[in-house]
Amino acid sequence: MDLKYNNSRKYISISIPSKTDTMSPHIKSVDDIRVLGINLSQFQKPVQFFICVTGVFIFYLIYGYLQELIFSVEGFKPFGWYLTLVQFGFYSVFGLIELQLTQDKRRRIPAKTYIIIAFLTVGTMGLSNTSLGYLNYPTQVIFKCCKLIPVMIGGIFIQGKRYNAADVSAAVCMSIGLIWFTLADSTVAPNFNVTGVMLISLALCADAVIGNVQEKAMKLHNGSNSEMVLYSYSIGFVYILLGLAITSGLTPAIAFCSKYPFQTYGYAFFFSLTGYFGISFVLALIKIFGALIAVTVTTGRKAMTIVLSFLFFAKPFTLQYVWSGLLVVLGIFLNVYSKNMDKFRLPHLYSFLTKRGSEGKSRTFSQTV
């Protein structure tokens with residue numbers, strides 16, 4: 001850092017080295033984004049997007065299969081909250097291990113923010129897991145996919161964002177397509193329960209808020225993915241443990257799982273491992289591209305999960321599933337197009353500004369912040 005003094009004008013000019021210069025090891029670049037040890041900042045935006053989307057699809061497709069497999073164990077359906085407790089415990093251990101492998105182990109995001117994020121995480125994952133005791137898996141996934149519009153509303157009120165017509169059209173197309181899928185499922189295999197609908201609806205509300213809160217916290221404080229996972233899920237683990245202890249739901253769940261350790265704890269380990277890897281890529285998507293893009297990708301993944309659910313678990317089928325799936329694909333296309341419109345319209349101006357910004361050997365403090 002250089003300090004330049006001018007006695008005649010009496011001012012101090014402060015400059016911060018550029019990325020190519022050596023910076024203090026305690027200063028972490030705002031562009032340094034790591035997922036499972038991979039530094040995504042060394043890749044261009046399209047490559048970053050491809051890596052994140054590939055990671056989300058691979059790990060969460062396995063995650064969805066294992067989740068349905070666990071709840072197919074006879075007698076396990078009442079223990080959705082205990083599964084969430086085990087899942088949060090594994091996530092905390094995985095996050096701690098990953099954080100220890102990084103050079104900067106400091107907590108950057110305030111504890112009060114993590115208290116809120118942990119509460120929302122418990123709501124979205126706990127209620128979602130518990131709803132599977134009352135709803136079939138495709139119906140539960142369809143409800144979760146309808147969070148696109150709440151996320152946009154949350155982005156407007158929490159972060160003051162404004163979305164264009166293409167974003168709104170994408171959210172509407174995807175939501176209508178998935179609701180249509182739900183109606184088809186109700187026609188060929190009705191399995192609705194008011195309790196399950198209420199649980200998944202509450203999970204939907206929490207899920208709509210959490211993406212915007214995570215995005216704002218990670219960008220404001222430059223927190224890492226491993227830090228976010230460790231603190232949010234470890235605090236959430238304490239929440240669920242206290243809740244199960246108060247409601248006397250801990251003892252019967254432990255007794256049941258001890259009878260089927262491999263089908264419960266064994267599946268839960270791989271279920272949590274793939275979920276942890278998946279959430280790492282989701283957090284990277286949120287940090288790089290924003291909550292709406294992340295939700296769009298995860299919604300497309302959920303549609304693929306439904307297809308695999310029909311392939312691996314016997315269910316009735318109707319062509320209405322196909323038309324609703326195509327409507328979802330249209331929504332994904334509209335959203336991706338809307339995020340690239342500015343680049344298509346102003347390539348020369350964007351290149352000019354990028355070139356001008358990279359010519360200097362130092363960056364001002366305002367540019368870094």
Side-chain angles (χ1 to χ4, degrees), residues 35-36 52-91 94 124-147 178 181-182 184-185 188-189 191 196 199-200 203 207 229 233 256-257 260-283 285 294-317 321-322 324-325 328-329 332:
V35 180
L36 305 181
C52 291
V53 170
T54 302
V56 168
F57 268 76
I58 291 177
F59 291 116
Y60 268 119
L61 288 177
I62 301 174
Y63 173 91
Y65 171 78
L66 291 173
Q67 185 181 34
E68 189 168 5
L69 187 63
I70 292 173
F71 278 92
S72 66
V73 177
E74 187 176 356
F76 186 81
K77 288 187 175 181
F79 304 120
W81 277 108
Y82 184 72
L83 174 63
T84 309
L85 176 69
V86 175
Q87 184 180 7
F88 274 47
F90 281 128
Y91 279 10
F94 298 152
T124 184
M125 296 184 66
L127 294 172
S128 177
N129 285 338
T130 306
S131 68
L132 279 177
Y134 304 91
L135 300 173
N136 60 51
Y137 187 76
T139 305
Q140 184 243 35
V141 173
I142 290 299
F143 270 88
K144 289 171 65 177
C145 288
C146 293
K147 69 181 179 182
L178 293 168
F181 193 103
T182 305
D185 187 61
V188 298
N191 189 26
L199 289 173
I200 196 61
D207 210 3
V229 172
Y233 285 98
F256 177 85
C257 293
Y260 309 96
F262 179 76
Q263 291 88 341
T264 54
Y265 294 116
Y267 290 164
F269 171 77
F270 293 105
F271 167 71
S272 303
L273 184 63
T274 54
Y276 176 79
F277 290 159
I279 196 64
S280 297
F281 284 102
V282 170
L283 289 174
L285 272 175
V295 170
T296 305
V297 172
T298 55
T299 301
R301 188 273 307 172
K302 292 184 181 75
M304 182 63 67
T305 302
I306 293 174
V307 174
L308 294 181
S309 177
F310 280 100
L311 293 177
F312 290 105
F313 300 91
K315 294 179 181 66
F317 181 79
Y321 290 143
V322 178
S324 25
V328 171
V329 172
I332 296 175

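Atoms considered below: every heavy atom in the structure, side chains included; atoms not considered: hydrogens, waters and symmetry mates. Predicted, not measured: the structure shown is a model, and the values here were computed from it.
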Is there a side-chain contact between Leu83 and Phe271 (heavy atoms, below 4.5 Å)? yes
Mind checking ring-ring contact (aromatic ring centres under 6.0 Å, His included) for Phe57 and listing every partner two or more places apart, or none if nothing turns up? none
Classify the ring geometry between Tyr260 and Phe256 as parallel (under 30°), tilted (30 to 60°) or perpendicular (over 60°). tilted
Heavy-atom closest contact (Val229 atom, Tyr91 atom, distance): CG1-O, 3.9 Å
Between the side chain of Thr130 and the main-chain N/O of Leu127, is any donor-acceptor distance below 3.5 Å? no
Less than 6.0 Å separating the ring centroids of Phe277 and Phe281? no
Which heavy-atom pair separates Asn129 from Gly80 by the least distance, and what is that distance? CB-O, 3.8 Å
Among Tyr82, Phe71, Tyr265, find the residue that satisfies the ring-ring contact (aromatic ring centres under 6.0 Å, His included) test when tested with Phe76. Phe71
Among residues at least two apart in sequence or on other chains, which ones pass ring-ring contact (aromatic ring centres under 6.0 Å, His included) with Phe88? Tyr233
Side chains of Tyr60 and Ile279, heavy atoms from C-beta outward: is any pair under 4.5 Å? yes
If the condition is side chain to side chain contact (heavy atoms under 4.5 Å, CB included), which residues does Phe270 pass it with, not counting sequence neighbours? Leu66
Looking only at side-chain N and O atoms, does Gln67 offer a donor or acceptor that is under 3.5 Å from a partner on Tyr63? no
